[in-house]
Amino acid sequence: MKPLKCSIDILFILLLFTACQDEYDLKPLPESGYPYTYKPLSDSELAGQNASFQQKNIHEGLNLNAYGFLKGSVQINKIDTITCEFVINKIDSLILVYREFMGIPKDVNFNYENQILVYVPYMIGGSGLIDIGNFKRDMERFGNEESFKHMIKNIKHKYYLVQNQLNGKYFSGIELTFNFNLESNFIEISGNWFPEALIPQEEIYSEEEIFMIARNEILKRTGRDIWETKYNYRTHPLLLKVNNDGLIEIRDCWCINTLEPPYIGYTIAIYIDTQTGEVVKYYDKL
C-alpha cells in the first residue's frame, strides 16, 4: 500500500501545483470595447457621411472610402518646380477644408516645417525621411552645388504628415500621404489619421512577461534564443494599427526590437498586445 499512497501524494502535489500555477497565470479580461475597432460604414452611415462631405467638397477627384475617410486626387496648375512653400501651402489648404474627413480632430494644430516629412536620398548612411524644414534649409545651402543636384534629381515628391500620438500615447505608422505628381498635375491623397481609440490605463501583461512571450516567438520563428542577449533588445509601449479581416483595430502594444543587432543589418521588431499577450506584428529582416 505504501507505493499507492506515495503515488496519491505525488498526484495531489501535482494537482495543487497546477491549480496554484493556473491561479497565478490567470489574467483579467481587457475592458469592454477593446481593441477599439474602425469598421466599414453601413450603407446608411456612408450615405450620411457622404452628404456632409459633398457640402464641403470642391474637387471632383475626391471621395470617401468604406470607412468614411478621404481619398482621391486634386488637380493643380502645371508647374516646373515644386518648392517647399508650395507643398506646405497646398497641404494646409487641403486640411483646412477636409480635416474632419481625414480623421484630424479640430484641436490639432500643425507646425508644418517640422511635421511634414519627405523621403530624400542623401541621408548619412543611406536614404531616409527628414522634415521639410530641414530639407528646405539644405536646398538653400547646397542647392547650387552639382553634387547636391545630382543626389536629389530623382527625389519622389511624396510628403507625409504623420500622426505620432493619440491621447498622449505614441502611435506608430499612421500618416496622411500627399503625392505631388508633376507629370499628371495632380496631388494624390491617401491614408488618414484616427481621431479616437480606447487606450487602456494599465498593461495587463507586464514588460517582463512580454519579453518571455517575445523570446518564445523569436525562438519558434528563427531558432535563436535571445535570453542571453536580452540587453541588446529594448522595449517600449505604443499604439499600433492592425488590419484584421476588413476591420481596423487600434492595439495597445509593447514593442521589443533590437538595440544592438547580433550582426550588421539584422533587425527584429515584435509587437505584443499589452492586454491579451497576442503577437500582433512581427518583423525580422537581414
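Between the side chains of Ser52 and Gln49, no donor-acceptor pair of N or O atoms lies under 3.5 Å. Inspection of the Asn114 and Tyr112 side chains reveals no N or O donor paired with an N or O acceptor under 3.5 Å. Remark: the Tyr98 side chain and the Asn57 side chain contain an N/O donor-acceptor pair separated by less than 3.5 Å.
The salt bridge (Lys or Arg N to Asp or Glu O under 4.0 Å) search around Asp92 returns none, not counting sequence neighbours. Remark: Asn179 pairs with Lys158, Glu188 by the side chain to side chain contact (heavy atoms under 4.5 Å, CB included) rule, at least two apart or across chains.
Salt-bridge check for Lys220 with Glu217: passed, with a basic side-chain N closer than 4.0 Å to an acidic carboxylate O. Taking 4.0 Å as the cut-off between side-chain N and carboxylate O, Lys241 and Glu249 do not count as a salt-bridged pair. With salt bridges taken as basic N to acidic carboxylate O contacts below 4.0 Å, none links Lys106 and Glu100.
For Arg251 and Tyr271, the positive end is not near the middle of the six-membered ring at less than 6.0 Å and at most 45° from its axis.
One N or O on the side chain of Glu45 and one on the backbone of Ser42 form a donor-acceptor pair closer than 3.5 Å.
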Item checked: ring-ring contact (aromatic ring centres under 6.0 Å, His included) evaluation trace for Phe180 with Tyr159 -> CA-CA 8 Å; Phe180 287 69; Tyr159 301 87; 5.5 Å; yes

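You'll find the side chain of Ile213 stays beyond 4.5 Å of the side chain of Trp254, heavy atoms only. Side-chain contact between Phe194 and Phe171 is present, with at least one heavy-atom pair separated by less than 4.5 Å.
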